[in-house]
Amino acid sequence: MSQSLECGGSEQIPGIDVQWGRKYHTTNKLSTTKDSPQPVEEKVGAFTKIIEAMGFTGPLKYSKWKIKIAALRMYTSCVEKADFEEFFLRCQMPDTFNSWFLITLLHVWMCLVRMKQEGRSGKYMCRIIVHFMWEDVEQRGRVMGVNSYILKKNMILMTNNFYAAILGYDEGILSDDRGLAAALWRTFFNQKCEDPRQLELLVEYVRKQMQYLDSMNGEDLLLTGEVNWRPLVEKNPQSILKPHSPTYNDEGL
């Protein structure tokens, strides 16, 4: 198939465009999360504001080690529970390290958007998720036998691509579907997608995934980090759009 028809034909990272296995982190299944209330603003004292202005992390709602464990599990959900094979097939992406990174980046970004809603603890968790992602990327490069010099150069390039993608996706999710499609076309498909149906599929995937994440309880996410992603193609498209039925007590409240 020609390159012009491959919507997953993103710019390749030199030295690591090879096929490989994606299993690295493992985790145990935790309890299912519930619907979450609106996040409550945290009251932060003057001392905490000062030390955080200096670049340190102040006291959090939960212990840092618990948040770090949850962050590792959430990152693990991105690399183990996303259906990479389905993306390769439906988005015509080659099974390469670069394709894996693009798919992982998209899911990590969605997690970051969700966890930023959970106040200071959520923002701290975002930093740890990104930290685990780069550790994983570096480890995978070493396992693949990439030269250390090439790996270092690639890590710099991927870091720049990551933050550029985050900014683009943030703008896209706050826009309409056309704006989100443009962000995905630029970053995920590297401006090489000629099939509008694939862009439409990915826009729908991101929208429903964000809706699903928003429905999850923030406390559970902070303590467990467990995310079970919706499939790329829904067997029942209305399942994610149908609102959950409220629970009433004996007094009808």
Side-chain angles (χ1 to χ4, degrees), residues 1-13 17 19 22 74-117 126 129-130 133 136-137 158 160-216 227-242:
M1 183 174 294
S2 64
Q3 179 69 20
S4 62
L5 295 180
E6 292 184 357
C7 290
S10 54
E11 182 180 359
Q12 300 301 320
I13 306 297
D17 181 23
Q19 294 185 347
R22 290 174 299 280
M74 184 168 286
Y75 174 70
T76 300
S77 296
C78 294
V79 296
E80 288 193 353
K81 294 189 176 181
D83 192 341
F84 286 83
E85 300 299 333
E86 189 76 1
F87 276 93
F88 294 154
L89 175 64
R90 295 188 178 273
C91 298
Q92 295 182 319
M93 304 176 76
D95 187 354
T96 63
F97 183 93
N98 192 63
S99 296
W100 170 87
F101 182 70
L102 290 171
I103 298 169
T104 299
L105 188 158
L106 181 65
H107 289 82
V108 166
W109 164 72
M110 289 189 284
C111 288
L112 300 183
V113 172
R114 175 63 184 89
M115 296 317 299
K116 286 178 182 177
Q117 302 175 36
C126 289
I129 292 172
V130 173
M133 181 191 72
D136 187 21
V137 169
M158 294 172 77
N160 294 334
N161 291 342
F162 172 78
Y163 288 107
I166 293 296
L167 290 175
Y169 286 154
D170 282 347
E171 291 179 358
I173 198 66
L174 295 175
S175 181
D176 56 15
D177 285 352
R178 185 176 299 179
L180 178 57
L184 291 165
W185 180 73
R186 288 192 303 268
T187 301
F188 191 87
F189 293 115
N190 195 37
Q191 306 180 27
K192 294 178 182 177
C193 182
E194 297 182 354
D195 189 345
R197 294 172 298 180
Q198 296 186 1
L199 266 177
E200 182 181 6
L201 176 65
L202 209 54
V203 168
E204 179 185 348
Y205 179 77
V206 171
R207 292 291 188 196
K208 72 181 179 184
Q209 218 56 269
M210 293 307 305
Q211 182 180 359
Y212 177 61
L213 289 171
D214 285 340
S215 73
M216 301 178 75
V227 175
N228 293 299
W229 300 99
R230 305 291 303 191
L232 182 59
V233 178
E234 293 281 349
K235 295 181 179 179
N236 177 17
Q238 295 300 317
S239 61
I240 187 60
L241 302 176
K242 185 177 180 180

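Position 1 is the first residue of the sequence; numbering continues from there.
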Subject >> His107-Tyr205 aromatic ring centre distance below 6.0 Å >> reply: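 Between Tyr205 and His107, which both carry aromatic rings, the centre distance is below 6.0 Å.
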
To the nearest 0.5 angstrom, please state how far the [atom1] atom of [X] sits from the [atom2] atom of [Y].
X: Phe162; Y: Leu167; atom1: CZ; atom2: CG; result: 10.0 Å
X: Met74; Y: Arg114; atom1: CE; atom2: CZ; result: 8.0 Å
X: Phe188; Y: Leu202; atom1: CZ; atom2: CG; result: 5.0 Å
X: Met110; Y: Cys78; atom1: CE; atom2: SG; result: 7.5 Å
X: Leu213; Y: Gln211; atom1: CG; atom2: CD; result: 10.5 Å
X: Trp100; Y: Leu105; atom1: CH2; atom2: CG; result: 9.5 Å

Please report the shortest heavy-atom distance between [X] and [Y], naming the atom on each side.
X: Val79; Y: Phe84; value: O-CE1, 3.3 Å
X: Leu199; Y: Ala181; value: CD2-O, 3.5 Å
X: Tyr75; Y: Asp136; value: OH-OD2, 2.5 Å
X: Cys91; Y: Phe189; value: CB-CE2, 4.0 Å
X: Ile173; Y: Leu180; value: N-CD1, 4.1 Å
X: Met210; Y: Val113; value: CE-CG1, 3.4 Å

Subject >> Arg186: partners by salt bridge (charged side-chain N to carboxylate O under 4.0 Å, His left out), with sequence neighbours left out >> reply: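 Per chain and number, Arg186 pairs via salt bridge (charged side-chain N to carboxylate O under 4.0 Å, His left out) with no residue.
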
Original post:
Parallel under 30°, tilted from 30 to 60°, perpendicular over 60°: which one fits the rings of Phe97 and Phe101?
Top reply: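 Phe97 and Phe101: parallel rings.
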
Subject >> Arg90 and Gln198, any side-chain heavy atoms less than 4.5 Å apart >> reply: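 Counting from C-beta outward, Gln198 and Arg90 never come under 4.5 Å.
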
Subject >> Residue pair Asp83 / Trp229, side-chain heavy-atom distance below 4.5 Å >> reply: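 Not touching, per the 4.5 Å side-chain cut-off.
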
Subject >> Atom CD of Glu86: over 12 foreign heavy atoms under 6.0 Å >> reply: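 More than 12 heavy atoms, drawn from other residues, nucleotides or ligands, come within 6.0 Å of this atom.
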
Original post:
Hey, does the side chain of Ser99 reach the backbone of Met93 with a donor-acceptor pair shorter than 3.5 angstrom?
Top reply: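 It does not hold such a pair.
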
Original post:
Distance-only, no hydrogens or angles: does the Thr187 side chain make a donor-acceptor pair with backbone N or O of Leu184 under 3.5 Å?
Top reply: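 A pair under 3.5 Å: no.
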
Original post:
Does a donor on one side chain and an acceptor on the other come within less than 3.5 Å for Asn190 and Trp185?
Top reply: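 No, no side-chain donor-acceptor pair sits under 3.5 Å.
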
Original post:
Side chains of Asp214 and Gln117: donor-acceptor distance under 3.5 Å anywhere?
Top reply: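 Note: Asp214 and Gln117 side chains meet the donor-acceptor criterion.
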
Original post:
Salt bridge or not for Arg178 and Asp176, using N-O below 4.0 Å?
Top reply: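 Answer for the salt bridge query: no.
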
Original post:
Would you call Glu234 and Arg230 a salt bridge, taking side-chain N to carboxylate O under 4.0 Å as the test?
Top reply: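 Yes, this pair counts.
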
**OP:** Could you list the residues that satisfy side-chain contact (heavy atoms from CB on, under 4.5 Å) with Glu171, not counting sequence neighbours?
**Re:**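 Counting only residues at least two positions away or on another chain, Glu171 forms no side-chain contact (heavy atoms from CB on, under 4.5 Å).
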
Original post:
Stepwise, does the side-chain contact (heavy atoms from CB on, under 4.5 Å) test hold for Val206 with Tyr169?
Top reply: CA-CA 10 Å; Val206 171; Tyr169 286 154; over 6 Å; no

Original post:
Which is it for Leu102 and Leu106 under the side-chain contact (heavy atoms from CB on, under 4.5 Å) test, yes or no, and what are the steps along the way?
Top reply: CA-CA 6 Å; Leu102 290 171; Leu106 181 65; over 6 Å; no

